[in-house]
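Here's the structure, in structure tokens; my notes come after.
Starting from 1, each residue takes its place in the sequence as its number.
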Amino acid sequence: MKSLIAGLLVFVGCCSNVFFLELLIKEDPGSGNLITFAQFLVIAVEGFITTMRFGTKKTQVPFTEYLKMVLMFFVVSVTNNYALSFNIALPLHMIFRAGSLLANMVLGILILKKRYSTMKYLSVFMISVGICVCTIASAKELSHSDSENQITSLGDFVWWIVGISLLTFALFMSARMGIMQEVMYSKFGKHPREALFFTHALPLPGFLLLFTDISKHVGVANMSAPLDSTVLSVIPLLNVLPRMWIYLLGNVLTQSVCINAVFVLTTECSSLAVTLIVTLRKFVSLLFSIWYFQNPFTLLHWFGTVLVFGGTLTFSEIIPGLMRQSKSKPKSKVN
């Protein structure tokens with residue numbers, strides 16, 4: 001029952017988080033740093049109260065080990081959100097982030113000297129081709145007059161290339177951080193809630209470097225119009241507050257629900273089941289974004305998307321793994 005509730009919360013929390021993120025980006029495309037800061041602050045405060053018990057709990061992993069990860073995590077998070085400022089549509093953003101297995105394999109081969117089966121190389125090839133196809137399709141869409149992120153000059157195209165480069169950089173940085181985390185866990189054991197707190201709390205002073213940008217977009221949020229909804233008229237405050245702050249509140253709260261639900265899921269289910277649920281959640285988020293926000297999505301996009309998610313499922317060996325698990329379960333006897 002606990003795993004069922006956690007799985008449901010992953011879909012509700014994570015999909016809602018993407019929904020509020022797209023509302024924010026459509027309102028202010030440059031608000032990535034403000035969103036990242038708000039997410040870090042809320043998760044750090046929650047972790048300080050629930051995980052670290054107001055600083056009274058002893059850490060299980062040496063503090064210096066977390067310091068090595070913090071800079072990378074900070075850079076990855078800021079880069080991913082900041083990339084949305086460069087004519088990057090959210091569906092393409094989600095597809096890129098779903099390609100993390102590609103970066104993990106490349107760095108695993110280069111750094112850890114790992115070797116993989118032919119099927120895994122094939123699945124990563126599918127992911128690579130899928131991302132390339134979606135990127136090319138998005139580039140073509142940007143030339144259309146009805147595209148929201150339309151490119152009208154060489155400068156716009158250069159900014160779009162910068163956005164793609166930022167996503168690629170964040171993809172490989174995230175994979176490098178994952179390898180570092182894998183090594184740390186092998187030495188000191190797995191303490192994901194503790195790691196979640198430190199990776200969000202320690203980077204907070206770093207946002208001082210982004211103070212000018214964050215304060216600028218705080219001003220943009222303050223100037224946004226209130227929500228125009230008769231459904232919410234029963235709550236007068238929601239009809240007075242600038243809607244960007246309501247969207248931001250929704251984003252950070254659902255981010256917390258999403259992360260905590262995934263944590264519960266990892267303790268209650270097998271890694272295969274967790275990978276399957278998270279992959280399906282990403283696909284549902286993508287479909288919802290296309291439908292609700294009317295984001296342009298051509299046959300090329302669909303082809304690339306099927307390759308990316310199909311390659312992810314193949315790499316994780318989810319289908320064969322679940323079949324083996326079902327066969328290994330003892331059958332109930334019939335009296």
Side-chain angles (χ1 to χ4, degrees), residues 15-45 74-94 96-97 138 142 146-153 155-167 170 200 203-229 231-233 235-256 258 285 288-289 292-296:
C15 291
S16 300
N17 178 255
V18 175
F19 170 72
F20 283 113
L21 175 63
E22 186 144 11
L23 286 174
L24 283 163
I25 296 303
K26 286 186 177 296
E27 196 78 26
D28 179 14
S31 60
N33 290 330
L34 173 62
I35 297 168
T36 308
F37 171 68
Q39 291 175 345
F40 273 52
L41 181 62
V42 169
I43 293 173
V45 170
F74 175 76
V75 170
V76 167
S77 299
V78 170
T79 303
N80 268 323
N81 280 340
Y82 193 54
L84 292 167
S85 306
F86 294 87
N87 291 328
I88 301 295
L90 198 60
L92 180 61
H93 189 273
M94 287 188 280
F96 246 88
R97 296 187 70 174
S138 295
L142 290 171
D146 58 348
S147 173
E148 185 174 335
N149 299 318
Q150 182 188 4
I151 287 180
T152 57
S153 65
D156 289 340
F157 180 72
V158 170
W159 281 121
W160 182 76
I161 292 296
V162 170
I164 295 295
S165 302
L166 287 174
L167 286 178
H200 284 80
L204 286 176
F207 285 98
L208 291 173
L209 300 173
L210 305 172
F211 177 79
T212 302
D213 182 76
I214 292 173
S215 60
K216 171 187 172 183
H217 291 284
V218 165
V220 174
N222 289 334
M223 295 298 292
S224 62
L227 282 175
D228 183 18
S229 174
V231 177
L232 298 174
S233 60
I235 310 176
L237 183 62
L238 293 182
N239 287 325
V240 176
L241 281 175
R243 60 188 174 196
M244 274 195 67
W245 288 116
I246 298 173
Y247 297 158
L248 186 60
L249 177 64
N251 179 265
V252 296
L253 291 180
T254 52
Q255 174 81 350
S256 179
C258 175
S285 296
F288 182 81
S289 174
Y292 187 85
F293 293 102
Q294 297 296 302
N295 285 308

Residues forming a side chain to side chain contact (heavy atoms under 4.5 Å, CB included) with Val42, sequence neighbours excluded: Val252

Partner set under ring-ring contact (aromatic ring centres under 6.0 Å, His included) for Trp245, not counting sequence neighbours: none

Can you confirm whether Pro226 sits close enough to Arg243 that some side-chain heavy atom of one is under 4.5 Å from a side-chain heavy atom of the other? no

One pair to check against side chain to side chain contact (heavy atoms under 4.5 Å, CB included): Ser31 and Ile25. What are the steps and the verdict? CA-CA 7 Å; Ser31 60; Ile25 296 303; 4.2 Å; yes

Quiz: residues 204-212 side-chain donor-acceptor pairs under 3.5 angstrom, not counting sequence neighbours:
none

Which residues pass the side chain to side chain donor-acceptor pair (under 3.5 Å) test with Ser256, sequence neighbours left out? Glu46, Asn260

Sorted by chain and residue number, the side chain to side chain donor-acceptor pair (under 3.5 Å) partners of Asp28 (sequence neighbours excluded) come out as His217

For Cys258, give me all partners under disulfide (SG to SG under 2.5 Å), at least two apart in sequence or on another chain. Cys14

Leu34 versus Leu248: any side-chain heavy-atom pair under 4.5 Å? yes

Listed by chain and number, what are the side chain to side chain contact (heavy atoms under 4.5 Å, CB included) partners of Ile161, not counting sequence neighbours? Phe157, Ser165

Separation between CG (Leu241) and CD1 (Ile246), nearest 0.5 Å, reads 5.0 Å

When every non-hydrogen atom of Ser77 is compared with those of Phe40, the smallest separation belongs to OG-CZ, 3.5 Å

Which residues pass the side chain to side chain donor-acceptor pair (under 3.5 Å) test with Glu22, sequence neighbours left out? Ser289, Asn295

Excluding sequence neighbours, so at least two apart, what forms side chain to side chain contact (heavy atoms under 4.5 Å, CB included) with Thr254? Ser16, Asn17, Phe20

With sequence neighbours excluded, what pairs up with Ser285 under the side chain to side chain contact (heavy atoms under 4.5 Å, CB included) test? Cys15, Val18, Met94, Arg281

Do Asn81 and Gln39 pass the side chain to side chain contact (heavy atoms under 4.5 Å, CB included) test, and can you show the C-alpha distance, the side-chain angles, and the key distance before you say yes or no? CA-CA 11 Å; Asn81 280 340; Gln39 291 175 345; 4.1 Å; yes

What heavy-atom pair brings Met244 and Leu24 nearest, and what distance separates the two atoms? O-CD2, 3.5 Å

Ignoring hydrogens, what is the shortest heavy-atom contact between Ala221 and Pro242? Give both atom names and the distance. O-CB, 3.1 Å

Classify the ring geometry between Phe19 and Phe288 as parallel (under 30°), tilted (30 to 60°) or perpendicular (over 60°). perpendicular

List the steps, then state whether side chain to side chain contact (heavy atoms under 4.5 Å, CB included) holds for Asn80 with Thr36. CA-CA 9 Å; Asn80 268 323; Thr36 308; over 6 Å; no

